[in-house]
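Take a look at the structure below.
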Protein chains: 2
Amino acid sequence: MALDRDSLEAVARLFGALAEPTRLALLQELKGGPLAVGELVERIGAKQANVSKQLGALHVAGLVARARDGNLVRYSIAEPMIFELCELVCGKLRRDAEKQLAALGGTAKRRR
Amino acid sequence: MALDRDSLEAVARLFGALAEPTRLALLQELKGGPLAVGELVERIGAKQANVSKQLGALHVAGLVARARDGNLVRYSIAEPMIFELCELVCGKLRRDAEKQLAALGGTAKRRR
DNA sequence: ACACAATATCGCCATTTAGCAATATTGCAA
DNA sequence: TTGCAATATTGCTAAATGGCGATATTGTGT
């Protein structure tokens, strides 16, 4: 079935939330379990203000959940689906890289 | 395994290519088979210049292939994977919409 | 009350980008 | 060649956005 303009915009917004390296890095860290903002700041080496902002964007998109825990705020993955998304994309990138290698005369690559 | 900064940027670029309603509309039309630029212009009701531009973006991202056919240029899907991506996203949006409905007291929804 | 730590928000700047009109390119036919 | 149709590109403007420093908010102690 064909999606109407509004649905396409909603899909685009969701993809847009995944279209930034910093946000992807945050999601990657959260894959291991909930983390507080400060821990995320240390791990990805970005400024606190920006980490907070990007977490806010992920939260608005419904991809992460927030939970106050005393003085800190713990974020967690709200949509495990995003890892399937990333796997699909990584698969394409791997295929592209292998093609590139082959075109440059790399050693034969295994096909599974 | 954790992706490095460059890989995250590559993934982000790919998601970015899917983060625009017009480009999603183009891909949706191409799902039915290859189409020339003019046909796409008619179907999605956008200006020719913009359609050409967005098709170029999709091509750079490696999502569509172009083939000259006489005086026209036919585009086609180069990565069927994108439809799995969209299906995952649409699934989430449907779940969200159902939740919203339930919260507002909508009729009971079937669980599969 | 106070001080302090963790997080969020604000104002700003620089970059990116969708859309547009106009123009350039490309290929076909006469 | 000339003319015409299909597509691409260019120059532009307006809007969105990532990152920054500074500041505001919130919660926990004392």
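These figures come from a predicted structure and were not determined experimentally. Residue numbers begin at 1 in each chain, while the letters A, B, ... track the order of the sequences.
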Calculate the interatomic distance between [X] atom [atom1] and [N] atom [atom2]; express it in whole Å.
X       : N      : atom1 : atom2 : result
A/Arg68 : C/dA6  : CZ    : P     : 12 Å
A/Arg5  : C/dA18 : CZ    : P     : 12 Å
A/Glu20 : C/dT17 : CD    : C1'   : 13 Å

Quick one: how far along DNA chain D does chain B reach, first to last nucleotide 5' to 3', anything under 4.0 Å to a heavy atom?
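So the outermost contacting nucleotides come out as D/dA5 to D/dT9.
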
Look at all strands and tell whether A/Arg23 reaches a base, only sugar-phosphate, or nothing, counting heavy atoms closer than 4.0 Å.
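Contact class for A/Arg23: sugar-phosphate only.
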
Would you call B/Arg95-A/Glu79 a salt bridge at under 4.0 Å N-O?
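Yes, this pair counts.
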
Taking A/Glu20 first and then B/Arg13, would you say they form a salt bridge - that is, a charged N and a carboxylate O separated by under 4.0 Å?
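So A/Glu20 does not pair with B/Arg13 through a salt bridge.
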
For A/Leu14 and B/Lys92, run side-chain contact (heavy atoms from CB on, under 4.5 Å): C-alpha distance rounded to whole Å, both residues' side-chain angles, the deciding distance at 0.1 Å, then the answer.
CA-CA 10 Å; A/Leu14 231 163; B/Lys92 174 209 176 1; 3.3 Å; yes

Quickly, which of B/Leu18, B/Leu30, B/Leu26 forms a side-chain contact (heavy atoms from CB on, under 4.5 Å) with B/Leu63? Name it, please.
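Exactly one option meets the side-chain contact (heavy atoms from CB on, under 4.5 Å) with B/Leu63, and it is B/Leu18.
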
Are there over 12 heavy-atom neighbours, none belonging to B/Glu42, within less than 6.0 Å of that residue's CD?
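No - once you tally the heavy atoms of other residues, nucleotides and ligands closer than 6.0 Å, there are 12 at most.
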
Positions of residues 43-60 of chain B (non-hydrogen atom under 4.0 Å from DNA chain C), listed by number:
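Per residue number, the list reads B/Lys47, B/Ala49, B/Asn50, B/Lys53, B/Gln54.
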
Both B/Arg66 and A/Asp69 contact DNA chain D. Taking the nearest nucleotide for each, which residue is further toward the 5' end?
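Result: B/Arg66.
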
Let me see the working for B/Asn50 and B/Gln54 under side chain to side chain donor-acceptor pair (under 3.5 Å), right down to the final yes or no.
CA-CA 6 Å; B/Asn50 197 32; B/Gln54 304 308 335; 3.0 Å; yes

Any chance you could lay out the side-chain contact (heavy atoms from CB on, under 4.5 Å) test for A/Tyr75 and A/Leu58, step after step, and finish with the verdict?
CA-CA 10 Å; A/Tyr75 282 86; A/Leu58 290 171; over 6 Å; no

Please evaluate residues A/Val11 and B/Cys90 with respect to the criterion side-chain contact (heavy atoms from CB on, under 4.5 Å), reporting the C-alpha separation (whole Å), side-chain torsions for both, the decisive distance (0.1 Å), and the verdict.
CA-CA 7 Å; A/Val11 174; B/Cys90 286; 4.2 Å; yes

